[in-house]
Protein chains: 2
Amino acid sequence: MPASKMNNSRISSADESSRPLIEPTAQALKSARTRSRLIEATIRCLVKYSYANTTTPKVAEEAGLSRGAMLHHFDNGRQLMQATMVELHHKRLRAFRRAAGTLDHDARTLLRTYWEQLLRSTFIAFQELAIASRTDKELAKTLEPVRKEFNERWHDLAIELFPEWSHDPTAFKVALGLTHNTLEGMALNRLTHGIDDETIELVLDKLEQVILELRPDRKS
Amino acid sequence: MPASKMNNSRISSADESSRPLIEPTAQALKSARTRSRLIEATIRCLVKYSYANTTTPKVAEEAGLSRGAMLHHFDNGRQLMQATMVELHHKRLRAFRRAAGTLDHDARTLLRTYWEQLLRSTFIAFQELAIASRTDKELAKTLEPVRKEFNERWHDLAIELFPEWSHDPTAFKVALGLTHNTLEGMALNRLTHGIDDETIELVLDKLEQVILELRPDRKS
DNA sequence: GTATTTCCAGACAGAACTGATTGCTTTTTT
DNA sequence: AAAAAAGCAATCAGTTCTGTCTGGAAATAC
């Protein structure tokens with residue numbers, strides 16, 4: 001009888017009621033490592049083959065593991081996709097926080113920083129899953145809280161870097177919405193050759209200018 | 001020996017070398033009608049099931065036809081998808097032209113008009129195919145000229161409606177790029193609940209304002 | 001009017017993916 | 001050290017897709 005596969009790695013589980021927390025078993029480590037290998041392989045497959053053509057045999061091969069091992073850690077393909085979505089979310093948050101630490105409180109660099117994130121394969125894989133979520137209810141259930149947390153973290157960080165925005169919540173919402181949607185739209189169109197590099201630069205420059213003009217301290 | 005399936009409906013073929021052009025045979029009409037039914041069914045399937053879950057049996061069932069009929073008109077599933085992409089392109093162009101005819105030369109209405117197009121299922125289906133084109137070379141080969149023509153038509157119509165833009169090609173490029181990418185990004189994020197209606201309205205308003213400020217006649 | 005072509009349906013074989021089951025090896029428990 | 005559990009591989013059966021092939025009805029050509 002296998003244990004619950006939703007979270008069988010004790011190393012990161014915080015809900016062990018009958019035991020003390022510290023128990024980094026050797027096997028739990030191995031398990032976590034294998035899970036990670038599978039998730040990373042899934043991400044690579046999403047980028048290489050797209051969501052439509054990512055199958056369990058391909059993921060297993062990409063991970064250098066058997067399909068049996070995969071089904072041991074994830075009850076089915078969908079659970080693997082859901083775990084991958086959560087991992088991609090954390091990747092995006094980590095990259096964002098890391099990059100934000102080096103920012104010099106400049107709106108220009110924040111915008112460019114996010115743009116560079118959107119060029120990475122993490123965004124491609126995430127987007128594949130987001131698109132799939134439109135018609136996959138289970139995936140959508142995983143995406144919803146993830147998307148919520150991402151927006152909240154973004155909001156918090158932006159306010160932290162530029163406290164003056166808190167004086168004008170509406171302008172802030174506009175700036176955030178404009179930034180997110182324009183950059184993500186460009187990133188997606190770029191993937192299917194729907195936009196050229198020159199236009200991208202022009203739009204980025206104009207967008208920076210618009211955001212700067214929206215800042216409350218320039219109005220007062 | 002079946003005839004060429006790429007274009008077996010003589011009704012719209014212009015390359016009949018051995019015969020006069022006018023030959024709307026009864027059977028050619030029927031054939032064109034069936035092709036259209038299959039393509040329309042494909043579009044509905046793309047919206048309902050996504051590209052990943054759209055299969056030839058589902059399309060045939062949606063069209064109320066047998067799979068045999070489908071394979072008679074399209075050699076394989078990919079050809080059906082390519083034909084569907086072209087049809088979606090024409091749908092978008094038609095809707096655009098139709099809406100443009102009722103415009104009163106106002107940038108605001110042009111922007112809102114395009115936004116309303118992006119809420120339709122035509123855009124959803126087109127986007128599913130565009131995303132799939134990232135990893136499907138054959139689909140990408142079909143998408144490329146389609147995308148090119150769409151952008152050209154957009155460009156031409158916008159210049160026709162607002163000739164003053166032709167004085168400043170760079171500003172025009174910025175306005176077009178900003179509009180396209182922001183609206184399409186919002187439309188996509190909306191499909192996965194990544195943006196709320198209030199934010200959409202705010203961004204649309206701001207975008208209008210930015211576009212208006214970019215107009216050359218305001219600068220002189 | 002007969003022959004040929006076209007439209008369409010149904011049956012067919014092959015391939016691929018899915019989750020389940022079995023069994024072996026290694027680790028952990030007691 | 002024995003027992004239990006976990007990690008992993010390989011095979012299995014079942015489903016579903018894919019494209020092909022055959023045949024019949026309707027239309028067109030001769």
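Everything numeric here is computed off the predicted structure, so don't read it as measured data. So that the names make sense, note that chain A is the first sequence line, chain B the second, and so on, each numbered from 1. No hydrogens, no waters, no symmetry mates; every other heavy atom, side chains included, goes into these values.
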Inset, instruction - May I have the distance from B/Phe74 (atom CZ) to C/dC8 (atom P), rounded to whole angstrom? - result: 11 Å
Inset, instruction - Measure from the side chain of B/Asn76, starting at C-beta and using heavy atoms only, and say which of D/dG19, C/dG19, C/dC8 lies closest. - result: D/dG19
Inset, instruction - Figure out the OH/C1' separation between B/Tyr49 and D/dT16, and round it to whole Å. - result: 15 Å
Legend entry - salt_bridge(A/Asp205, A/Arg112) N-O dist < 4.0 Å: yes
Legend entry - Nearest-neighbour nucleotide for the B/Leu71 side chain, C/dG19, D/dT20, D/dC8 considered: D/dT20
Check nucleotides 23-25 of chain C for protein N or O atoms closer than 3.5 Å to its own N or O atoms and list the pairs.
none

Inset, instruction - Output the residues of residues 127-135 of chain A in contact with DNA chain C, where contact means a heavy atom of the residue under 4.0 Å from an atom of the strand; sort by number or write none. - result: none
Legend entry - Pairs flagged by side-chain hydrogen bond (donor to acceptor under 3.5 Å, both in side chains) wherever residues 114-127 of chain B is involved - sequence neighbours left out: B/Tyr114-B/Glu184
Legend entry - Within residues 53-66 of chain A, residues whose heavy atoms come under 4.0 Å of DNA chain D: A/Leu65, A/Ser66
Inset, instruction - Nearest whole angstrom, please: distance from the C1' of D/dC21 to the CG of B/Asp75. - result: 14 Å
Inset, instruction - With sequence neighbours excluded, tell me which residues meet side chain to side chain contact (heavy atoms under 4.5 Å, CB included) with B/Glu61. - result: none
Inset, instruction - Report the residues that fulfil ring pair (Phe, Tyr, Trp, His ring centres under 6.0 Å) with B/His90, sequence neighbours left out, ordered by chain and then residue number. - result: none
Legend entry - Counterpart residues, side chain to side chain contact (heavy atoms under 4.5 Å, CB included), relative to A/Pro57 (two or more places apart): A/Thr55, A/Arg67
Inset, instruction - Sorted by first residue and then second, give each salt bridge (Lys or Arg N to Asp or Glu O under 4.0 Å) pair with at least one member in residues 48-57 of chain A; sequence neighbours left out. - result: A/Lys48-A/Glu62
Inset, instruction - Report the distance from atom CZ of A/Arg78 to atom P of C/dC17, rounded to the nearest whole Å. - result: 18 Å
Inset, instruction - Report yes if a side-chain nitrogen or oxygen of B/His72 is closer than 4.0 Å to either non-bridging phosphate oxygen (OP1 or OP2) of C/dC8; otherwise report no. - result: no
Legend entry - With A/Leu191 via side chain to side chain contact (heavy atoms under 4.5 Å, CB included) - residues at least two apart: A/Ile124, A/Leu188, B/Arg134
Inset, instruction - May I have the distance from A/Gln79 (atom CD) to C/dA20 (atom C1'), rounded to whole angstrom? - result: 15 Å
Legend entry - Donor-acceptor pair (no angle test) under 3.5 Å: A/Arg67 side chain, C/dG19 base: yes
Inset, instruction - Assess whether atom CZ of B/Arg94 is packed by more than 12 heavy atoms of other residues, nucleotides or ligands within 6.0 Å. - result: yes
Legend entry - Minimum-distance nucleotide (side-chain atoms of B/His73 versus C/dT18, C/dC8, D/dC8): C/dC8
Legend entry - Nucleotide C/dG10, atom P - distance to CE of B/Met70 in whole Å: 16 Å
Inset, instruction - Not counting sequence neighbours, which residues clear ring pair (Phe, Tyr, Trp, His ring centres under 6.0 Å) with A/Phe96? List them please. - result: A/Trp154
Legend entry - side chain to side chain contact (heavy atoms under 4.5 Å, CB included) involving B/Ala125 - partner list, sequence neighbours excluded: B/Ile43, B/Leu46, B/Val47, B/Leu88
Inset, instruction - Write out all pairs satisfying salt bridge (Lys or Arg N to Asp or Glu O under 4.0 Å) with one or both partners inside residues 189-200 of chain B, taking only residues at least two apart or from two chains. - result: A/Lys173-B/Glu198
